[in-house]
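The structure appears right after this line, and notes come after that.
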Amino acid sequence: MTYAPEVSVVIPTRSRPDLVTRAVTGVLAQTMDDLEIVVVVDGPDEGTVAALSAIPDPRLRVLLQPVKGGAPHARNTGAGAARGRWTAMLDDDDEWLPGKLEVQLKLAHSARAAAPIVASRLLNRTPRAESVMPRRLPGPDEPVSEYLTVRRGLFYGDGFIQTSTILAPAELFRRVPFTVGLRRQQELDWTLRAVRHDDVELIVAPDALVIWHQDENRERISLEMPWRQQLEWLRRSRDLFTPRAYAAFTMSVLSSMAAPTRSAKVFGELLREARTHGRPGAIDYLTFLQIWGLPPGLRHRLRDKVLGRGRAARADAAR
């Protein structure tokens, strides 16, 4: 009989052996050890295979994809091969704190729904600053689409979910696979489709259990700005959002991608999209105007000053 661990951890990776080694090491340091790690190498990658082969732990399995299929496809492959009752997702450039799985499993076992999605807060770490997200937890009976998109201030992160924080029943990942080909908002898309099922609820652990490394000097999907493709996805996915959430996403996340065009035509198109198919609030208009009116670098510095702690403060706290 094949051994079935409590948790399967799925890590898609490609051409980042040092980073995926760090991610695997963080999983192996968890305070619960009834787990397996399924690393899906997304296409030919001898360096990554060699680095993983040097980790002498039988809980690590490596699946080799013959051709590159993208992170959503690799996650689906890993979820399909998972042996555990629960599956947790981890991006290769992120890192877990030691108690992550133990905390989430306690919440999962006490959930009302049969198929809970358990996420958590995270440490959003950039070369410039560090902050904790999400800044608040979901409210009672708050629509998930509104929790994840509607801002209460001018900066993102009030409600938030990121792939490396997600733990859910293995069966749910097979029932609701990640959308292959979607470049951005993969976790938002997956979560909103999953919570439409009657047996699913979203739970967010109040502790920061993940380090989200946003190294701005290397390639990462979250730094790409394919705003036109995201608009097409949003229009196809309109039924996943409340009108309030649809407007908030259009005027904040989508506008952040489109604003570097400095195009009055695009400005007007997104404003009409939000007003025609959504219900903007005052904070959405303020967000929209500051995104389009301020250079991205200035917005980032203001956000870090208001929400984050600089390197010096982080160093002091570590002493």
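Along the sequence shown, the residues carry numbers beginning at 1. Computed from heavy atoms alone, side chains included, the values below leave out hydrogens, waters and symmetry copies. None of the values given here were measured: they were computed from a predicted structure.
In this structure, E95 contributes its side chain and I211 its backbone to no donor-acceptor pair below 3.5 Å. One N or O on the side chain of R262 and one on the backbone of A259 form a donor-acceptor pair closer than 3.5 Å. Between the side chain of D42 and the backbone N or O of G69 there is at least one donor-acceptor pair closer than 3.5 Å. At distances below 3.5 Å, at least one donor-acceptor pair connects side-chain atoms of R174 with backbone N or O atoms of A79. Without hydrogens or angle criteria, S237 side chain to L234 main chain gives no donor-acceptor distance under 3.5 Å. The closest donor-acceptor contact from the side chain of T126 to the backbone of Q214 lies at 3.5 Å or more, if one exists at all. No donor-acceptor distance shorter than 3.5 angstrom exists from the side chain of D207 to the backbone of L209, with no hydrogens or angles considered.
Put simply, OG1 on T13 and CG on D92 are 3.5 Å apart, with the number rounded to the nearest 0.5 Å. In this structure, the separation between OG on S164 and NZ on K100 is 7.5 Å, given to the nearest 0.5 Å. R121 CZ to R136 CZ: the interatomic distance, rounded to the nearest 0.5 Å, is 10.0 Å. Summarising the geometry, atom CD1 belonging to I203 is positioned 6.0 Å from atom OG belonging to S110; distances are rounded to the nearest 0.5 Å. To the nearest 0.5 Å, atoms CD (Q30) and CG (L105) are separated by 9.5 Å. Taking CG from L294 and CD1 from I291, the interatomic distance works out to 9.5 Å, rounded to the nearest 0.5 Å.
In summary, D18 and R22 do not engage in a salt bridge, as defined by a charged side-chain N under 4.0 Å from a carboxylate O.
Taking a 6.0 Å sphere around CZ of R275, one finds it holds 12 or fewer heavy atoms contributed by other residues, nucleotides or ligands. Residue D198 qualifies as open at atom CG: its count of foreign heavy atoms under 6.0 Å is 12 or below.
Note: the hydrophobic cluster containing V180 does not contain F173 (ILVMFWY, side chain heavy atoms under 4.5 Å, direct or indirect links). Residues I161 and Y147 fall within the same hydrophobic cluster, defined by Ile, Leu, Val, Met, Phe, Trp and Tyr side chains chained together at heavy-atom separations under 4.5 Å. By the criterion of side-chain heavy atoms lying less than 4.5 angstrom apart, applied directly or through intervening Ile, Leu, Val, Met, Phe, Trp or Tyr residues, V200 is grouped together with V144 in one hydrophobic cluster. Following chains of ILVMFWY side-chain contacts shorter than 4.5 Å, one cannot reach V150 starting from Y285, and the two form parts of different hydrophobic clusters.
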- request: With side-chain contact (heavy atoms from CB on, under 4.5 Å) as the test, would you mind laying out the steps for H73 and T77 before giving the verdict?
  value: CA-CA 6 Å; H73 182 264; T77 298; 3.7 Å; yes
message: What verdict does the side-chain contact (heavy atoms from CB on, under 4.5 Å) test give for W292 and S255, after you've listed the backbone C-alpha separation in whole Å, the side-chain angles of each residue and the deciding distance to 0.1 Å?
response: CA-CA 8 Å; W292 282 91; S255 290; 3.6 Å; yes
field: Derivation and outcome, side chain to side chain donor-acceptor pair (under 3.5 Å), residues D94 and Q162
entry: CA-CA 10 Å; D94 296 327; Q162 196 266 351; 2.9 Å; yes
field: Evaluation steps, salt bridge (charged side-chain N to carboxylate O under 4.0 Å, His left out), between R235 and E269
entry: CA-CA 13 Å; R235 286 168 172 167; E269 180 180 2; 3.6 Å; yes
task: Would you check, one step at a time, whether the test side-chain contact (heavy atoms from CB on, under 4.5 Å) holds for W233 with L188?
output: CA-CA 12 Å; W233 166 77; L188 176 63; 4.0 Å; yes
message: Between L123 and V132, does the side-chain contact (heavy atoms from CB on, under 4.5 Å) criterion hold? Intermediate values first, please.
response: CA-CA 5 Å; L123 293 175; V132 175; 3.6 Å; yes
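Between F267 and F288, the ring planes lie tilted relative to each other; the angle falls in the 30° to 60° range.
Residues meeting the ring-ring contact (aromatic ring centres under 6.0 Å, His included) test with Y246, sequence neighbours left out: none. Not counting sequence neighbours, W96 has no partner by the ring-ring contact (aromatic ring centres under 6.0 Å, His included) test.
Between R75 and P12, the closest heavy-atom pair is CG-CG, 3.9 Å. Taking each heavy atom of A111 and E201 in turn, the nearest pair found is CB-OE2, 3.4 Å. Closest approach of Q186 and A71 over heavy atoms only: OE1-CB, 4.4 Å. What you find for P66 and P44 is that their closest heavy atoms are O-CD, 3.4 Å. Residues D158 and G153 come closest through the heavy atom pair OD2-N, 3.5 Å. Taking all atoms of both residues into account, the shortest heavy-atom contact from M251 to T287 is O-CG2, 4.0 Å.
The shortest side-chain heavy-atom distance between W227 and T261 falls under the 4.5 Å cut-off. Using a 4.5 Å heavy-atom cutoff, the side chains of P206 and L137 are in contact. With contacts defined as side-chain heavy-atom distances shorter than 4.5 Å, the pair T163/W190 does not qualify. Contact annotation: the side chain of W86 never approaches that of Q104 to less than 4.5 Å [non-hydrogen atoms, C-beta and beyond]. Taking 4.5 Å as the limit, some side-chain heavy atom of L231 sits within range of a side-chain heavy atom of L270. For the pair S145 and T242, the minimum side-chain heavy-atom distance is below 4.5 Å. Taking the side chain as every heavy atom from C-beta outward, L52 and I55 approach each other to under 4.5 Å. Residues Q229 and R183 are not in side-chain contact: their nearest non-hydrogen atoms beyond the backbone lie 4.5 Å or more apart.
For the pairing with V20, the side chain to side chain contact (heavy atoms under 4.5 Å, CB included) check across V39, V41, D91, T25 returns one residue only, V39.
In this structure, a donor-acceptor pair under 3.5 Å is absent between the side chains of T250 and E273.
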